[in-house]
Protein chains: 2
Amino acid sequence: MNRPVTTIKQIADASGVHPSTVSRALDPKKRHLVAADVAERIVSQAEALGYQPNRLAANLRLGRSDLIGVLLPDIANPVFAPILGGIAETLSAEGYAPIVADAGNATTQQISFVETLLSQRVDGLILATVSQDDELVGFCIRRGLPVILVNRSEARDRVSSVVSDDDLGMQLAVDHLAGLGHRHIAHVAGPLSTSTGALRRDGFVRAMAHHGWRGVVREAAGYTREAGARAAAALLDGEATSQPSSLPTICSPSVCSTC
Amino acid sequence: MNRPVTTIKQIADASGVHPSTVSRALDPKKRHLVAADVAERIVSQAEALGYQPNRLAANLRLGRSDLIGVLLPDIANPVFAPILGGIAETLSAEGYAPIVADAGNATTQQISFVETLLSQRVDGLILATVSQDDELVGFCIRRGLPVILVNRSEARDRVSSVVSDDDLGMQLAVDHLAGLGHRHIAHVAGPLSTSTGALRRDGFVRAMAHHGWRGVVREAAGYTREAGARAAAALLDGEATSQPSSLPTICSPSVCSTC
DNA sequence: CTGAAAGCGCTTACAG
DNA sequence: CTGAAAGCGCTTACAG
């Protein structure tokens, strides 16, 4: 870094005191340990020199980074924009900053991102990437790295998560379509290995059953336009799949007279 | 940080060599300075202990952070999702990580975010927030902090920017509507203090003029749904504004017989 | 090829 | 109330 940065030592020299005194004067919680006039002199000297404390140094000493890693499966997916917004807002209010990684859905790649974050000494992780039984969550738990989930949850609740009510969502969607007079409704489900895929599928089947109907479900290979298009095409070709065994059998237009 | 982390010294102790030798063995570029067998022993020892170099410490020494600050005016706006995606992808390929800040449009707040980033010793800044003559850009230039712009640009090109071709975009939009048979076209412009607001407005007027038409323009107070709604309502009420003096006068439905 | 030491910029016991 | 010193975990000249 070739641009000039002011250090505590420079302020100490300029103020004619010991660096430790500068450090105290500049810390609101320790300022009371310094004579009022000396503190004031130091503070104005610091301002004059445009002092910005080096948090890299402070954090090395304090064993933290003030950084929270955020792992997203697809950062370019607008779903995550407001989620990231909430994360950034709350973190910055608490003195933290988010360091975001577009980690995809492959566990090995995710772990490599986490190792990078670990070497940056992130203080915790927010994962939007998890599968129903997520390897990375186990990894974090074993390393003692604080972690919470957003967007998707695990099947067993090892850690806290913030997710939407997919069951209610599907109920509202089905009821809305039913209200418009539709009867033959199909659902392109997200990957059933994710909580969102499975819960929305279940919610759809349940909501349809509530109307006395059987829905058609087709699982998409991923949360992408391409996978959605393939699933929709398959659906139109009469291939339906993926019914949960505990729920009513799902029919396909080609085999079921109800649809 | 209460979770255990391995250090170079620990590896040195476990391998019976001096820390500096460990440091060399672990750095691919310096490994050749170490006897092959010793290097191998150290490397496997490091793996066994799950060593993750502390980049906080390394970077303090090296005077960098491997962090690039990204300032967005509204992180919850999906426009920025793919932009952030491209930034994250390229940065991580180069060994950097983005630290994103939702800094809004107010300069004072933006500067306070930048001061935080500065104390984290970011190696550079990407601004998606700039106005046509941006105070923050001047601030960064004065501090010698590398900065580039995305999404919006300044009127004078003090620093590099990556933006879309708004003139072409408006031309395509107007031609599309014209092709559908529309003749009376209004444009809700973004704030004219931003390059996007001004350039799209200009592009719209130019594209309309190309068809021999005069367009109606209404400037919105900001890039929000609410501001857009207010501008559209005003437009419907017959209030049009904001023509650039160098371009044809813009009419309003209430005063112009052409519209 | 290896070791001993200094130093990045902080913070915090420990003395006085 | 203030100073002197150690140490966070690295990297890199400087010796040998």
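By convention in this document, chain letters (A, B, ...) are assigned in the order of the sequence lines, proteins followed by strands, and residues within each chain are numbered from 1. Computed from a predicted structure; not experimentally measured.
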For F139(A), run the side chain to side chain contact (heavy atoms under 4.5 Å, CB included) check against T107(A), L118(A), L125(A), V147(A) and tell me which one passes.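 The option that passes is L118(A).
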From [options], pick the nucleotide closest to the side chain of [X]?
X	options	answer
S20(A)	dA4(C), dG9(D), dT12(C)	dT12(C)
R61(A)	dT2(D), dT12(C), dG9(D)	dT12(C)
L62(A)	dG3(C), dT11(C), dT11(D)	dT11(C)
L33(B)	dT2(C), dG9(C), dT2(D)	dT2(C)

If you pin P19(B) and A57(B) to their nearest nucleotides in DNA chain C, which one's is more 5'?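 Closer to the 5' end of DNA chain C: P19(B).
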Quick one: on DNA chain C, does Q52(A) or D37(B) contact a more 5' nucleotide (nearest heavy atom)?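 Upstream on the strand: D37(B).
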Specify the separation, in whole Å, of atom [atom1] of [X] and atom [atom2] of [N].
X	N	atom1	atom2	answer
L56(B)	dT11(D)	CG	P	12 Å
Q120(B)	dC10(C)	CD	P	14 Å
R31(A)	dT11(C)	CZ	C1'	16 Å
L60(B)	dC10(D)	CG	P	12 Å
Q10(B)	dC8(D)	CD	P	11 Å
D27(B)	dT2(C)	CG	P	15 Å
I42(A)	dC1(D)	CD1	P	13 Å
I8(B)	dG3(C)	CD1	C1'	15 Å

If pairing requires Watson-Crick or G-U wobble contacts with both distances under 3.5 Å, which nucleotide is the partner of dA13(C)?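 Its partner: none found.
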What is the base-pairing partner of dA4(C), counting Watson-Crick and G-U wobble geometry with both distances under 3.5 Å?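 In the structure as shown, dA4(C) has no Watson-Crick or wobble partner.
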Got a sec: does the OH of Y51(A) have more than 12 other heavy atoms crowding it under 6.0 Å?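 Enclosed: over 12 neighbouring heavy atoms sit under 6.0 Å from OH of Y51(A).
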Using OP1 and OP2 only, check whether a side-chain N or O of [X] sits under 4.0 Å from [N].
X	N	value
T21(B)	dT2(C)	no
S23(B)	dT11(D)	yes
Y51(B)	dC10(D)	yes

Tell me which of H18(A) and R55(B) sits closer to the 5' end of DNA chain D, going by the nucleotide each one is nearest to.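 Going by which nucleotide is closer to the 5' end, it is H18(A).
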Report which part of the nucleic acid K30(B) touches: base, sugar-phosphate, or nothing (heavy-atom distance under 4.0 Å, all strands).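 Sugar-phosphate, no base atom in range.
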Backbone of A25(B) reached by a side-chain donor or acceptor of R31(B) within 3.5 Å: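 Indeed, once roles are kept as given, a pair shorter than 3.5 Å links the two residues.
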Would R158(B) and E154(B) pass as an ion pair if we require N to O under 4.0 Å?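 E154(B) and R158(B): salt-bridged.
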Give me the atom names and distance for the closest heavy-atom approach of R64(B) to N59(B).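 Taking every non-hydrogen atom into account, O-CB, 2.6 Å.
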If you compare all heavy atoms of D123(B) against all heavy atoms of S65(B), which two are closest, and at what distance to 0.1 Å?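 Minimum heavy-atom separation between D123(B) and S65(B): OD1-N, 3.1 Å.
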Side-chain donor/acceptor contact of R24(A) with base of dG3(D) under 3.5 Å: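 Yes.
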